[in-house]
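Start at 1 with the first residue, then count along the sequence. Atom set for the values below is all heavy atoms of this structure, side chains included, hydrogens, waters and symmetry mates excluded. As the structure lists them, so they are numbered: ligands from 1, and atoms in each ligand from 1.
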Amino acid sequence: MADVTAFYYFEPRSDTTPEIAAQAIADEETTGTWTDLTTRADYIKRLDGTVECVEPLGEGYITKIHYPTEIFEPGNIAQYLSVVAGNLFGLGRLDSVRLLDIDLPPELTAFKGPKFGIEGVRKLIGTERTLRPHVGTIIKPKVGLTPKDTAEVAYLAASGGVDFIKDDETLTNQKFCPLTERVESVMARLDEAMSETGRTILYAANVSDRADRIVERAEKAIECGANAVMVDVITCGFSAVEALSEESGINVPVHVHRTMHAAMTRSKKHGIAMRPLARLVRMAGGDQLHTGTVSGKMGNYPLELKKDNKVLTEDWFKLKSVFPVASGGLHPGKVQSELSGLGTDIILQAGGGIHGHPEGTKAGAAAMRQAVDAFMEGVSPEEYAKNHNELRIALEKWGK
Ligand code: RUB
């Protein structure tokens, strides 16, 4: 049976050698602790963690640690994390440690994975032949709009050309915009937009909630017409994604937001990189996952991001691929750099970059689509803007 391999960057405490620090991780996460044990029976040795190598990198070191697969409970992502990303973050022998990636054997990746994946979502939208990037929007302001006004914004975005509309991460079921009323209103207006345009537009209602209420909430949203659901994976947990994806009654794409992720992913020295999280979301069954942008408003690491997106889209244990979502501070002027950096199997989402268009949401959505069309036709946005007013106005406001 192949081991689980985890890759870490770490910096040892000044009085500790890198080898001892790496071994402390392997010990803590397998059969050891800070002292020797009288309870350590001989037969336990096979479960010891081993350090394969420790190599210098920048101000610290890279290590590869093997954890025997037998330690893991197949199918239990929470338990996997408690080994590869558990107590080790608090160990005093290390000043910092960052989980970079994990390599799992087939026994531990036997999950159903995404129900739809990129191919399935493309089929719903009708882009399986053109293979163009999808354009999405987050209704803005984040919170505060009534259901009726939310629906109007959704209608305008859909009429302007977006493929996908989602709630923002802080909007769930507050009094000013209750979930069921919001979904009914949005879907009624989207039905109008769909019959006017002949296109399918997905609306992901944010069903993030307490563990024991998420599935019920998603079913309610679907009953009210939602044709996608959204969940915040870090605040709700990977089991929330699994529950939504595996429930047979939830036959719609699961959009996975990652609010709070940067507390773990942002530091290059300490925390958890996006890559292992992306692998786990794919196993758990997310159909679309936020992974970041190359030019947006959030801190970004383009080189890491490209490989993170590859982890979602390359062949991996027969699991369907996950649609990477680039979001945060995007507008039509950034489309070209995002698509040249990340490729066209991507959902480009813009909130402010659509609803902040001087001529309103419909024009903002049209401008985003025009910027995508320009890229697909190999024309510069400035050139394309000469005959496309919405794009011209967006570029005048935001530039590139
Ligand atoms: C985007 C927004 C999203 C972020 C999350 O709004 O608020 O929640 O994309 O970031 P806007 P990430 O388009 O107005 O900036 O995708 O990096 O997790």
Side-chain angles (χ1 to χ4, degrees), residues 133-145 150 153-154 156-157 160 162-172 203-208 228-236 238 241 254-267 271-278 280-281 286-309 311-312 322-335 337-338 341-342 346-358 360-361 364-365 367-369 371-372 394 397-398:
H134 288 182
V135 172
T137 192
I138 314 107
I139 304 277
K140 297 277 173 179
K142 246 181 215 298
V143 289
L145 292 175
T150 304
V153 176
L156 292 171
V162 301
D163 307 295
F164 175 67
I165 296 169
K166 66 177 271 295
D167 291 335
D168 223 324
E169 71 282 349
T170 59
L171 181 66
T172 51
Y203 167 53
N206 183 7
V207 297
S208 299
V229 291
M230 162 179 149
V231 65
D232 285 312
V233 62
I234 307 297
T235 53
C236 297
F238 290 90
V241 178
V254 176
H255 179 92
V256 183
H257 194 280
R258 55 177 188 159
T259 190
M260 201 168 94
H261 75 93
M264 291 186 259
T265 59
R266 190 161 192 187
S267 165
I272 306 178
M274 192 58 205
R275 196 148 323 144
L277 303 177
L280 297 178
V281 166
D287 293 291
Q288 310 189 152
L289 170 67
H290 287 230
T291 50
T293 67
V294 295
S295 64
K297 74 180 181 188
M298 306 293 193
N300 43 47
Y301 302 127
L303 285 179
E304 282 193 14
L305 170 57
K306 285 175 202 178
K307 289 187 194 152
D308 298 342
N309 285 356
V311 154
L312 295 182
V322 182
F323 231 138
V325 178
S327 181
L330 296 189
H331 57 72
K334 296 207 164 190
V335 165
S337 54
E338 291 299 319
L342 302 175
I346 192 106
I347 302 172
L348 294 180
Q349 269 181 194
I354 283 182
H355 313 296
H357 190 284
T361 291
M368 275 298 283
R369 279 294 304 273
V372 167
K397 176 164 181 178
W398 291 303

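Residues that satisfy the salt bridge (Lys or Arg N to Asp or Glu O under 4.0 Å) test with E169, not counting sequence neighbours, are K142. Applying the salt bridge (Lys or Arg N to Asp or Glu O under 4.0 Å) test to K397 and every residue at least two apart in sequence or in another chain returns nothing. Every residue meeting the salt bridge (Lys or Arg N to Asp or Glu O under 4.0 Å) condition with D167, not counting sequence neighbours, appears here in chain and number order: R182.
A donor-acceptor pair under 3.5 Å is formed between the side chain of T137 and the backbone N or O of A350.
When side chains are defined from C-beta on, R258 does not count as touching D232, because their heavy atoms never get closer than 4.5 Å.
For the 3.5 Å distance criterion, the side chains of D168 and T170 fail to qualify, holding no donor opposite an acceptor.
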N/O pairs closer than 3.5 Å, ligand 1 and protein:
from: ligand 1; atom 1: 6 (O); to: K140; atom 2: NZ; distance (Å): 3.1
from: ligand 1; atom 1: 7 (O); to: K140; atom 2: NZ; distance (Å): 2.9
from: ligand 1; atom 1: 8 (O); to: D168; atom 2: OD1; distance (Å): 3.4
from: ligand 1; atom 1: 8 (O); to: E169; atom 2: OE1; distance (Å): 2.9
from: ligand 1; atom 1: 8 (O); to: H257; atom 2: NE2; distance (Å): 2.9
from: ligand 1; atom 1: 9 (O); to: S327; atom 2: O; distance (Å): 3.4
from: ligand 1; atom 1: 9 (O); to: S327; atom 2: OG; distance (Å): 2.6
from: ligand 1; atom 1: 9 (O); to: G328; atom 2: N; distance (Å): 3.2
from: ligand 1; atom 1: 13 (O); to: G351; atom 2: N; distance (Å): 2.8
from: ligand 1; atom 1: 14 (O); to: G352; atom 2: N; distance (Å): 2.8
from: ligand 1; atom 1: 15 (O); to: K297; atom 2: NZ; distance (Å): 2.9
from: ligand 1; atom 1: 15 (O); to: G329; atom 2: N; distance (Å): 2.7
from: ligand 1; atom 1: 16 (O); to: H290; atom 2: ND1; distance (Å): 2.6
from: ligand 1; atom 1: 16 (O); to: S327; atom 2: O; distance (Å): 3.4
from: ligand 1; atom 1: 17 (O); to: R258; atom 2: NH2; distance (Å): 2.7
from: ligand 1; atom 1: 18 (O); to: R258; atom 2: NE; distance (Å): 2.9

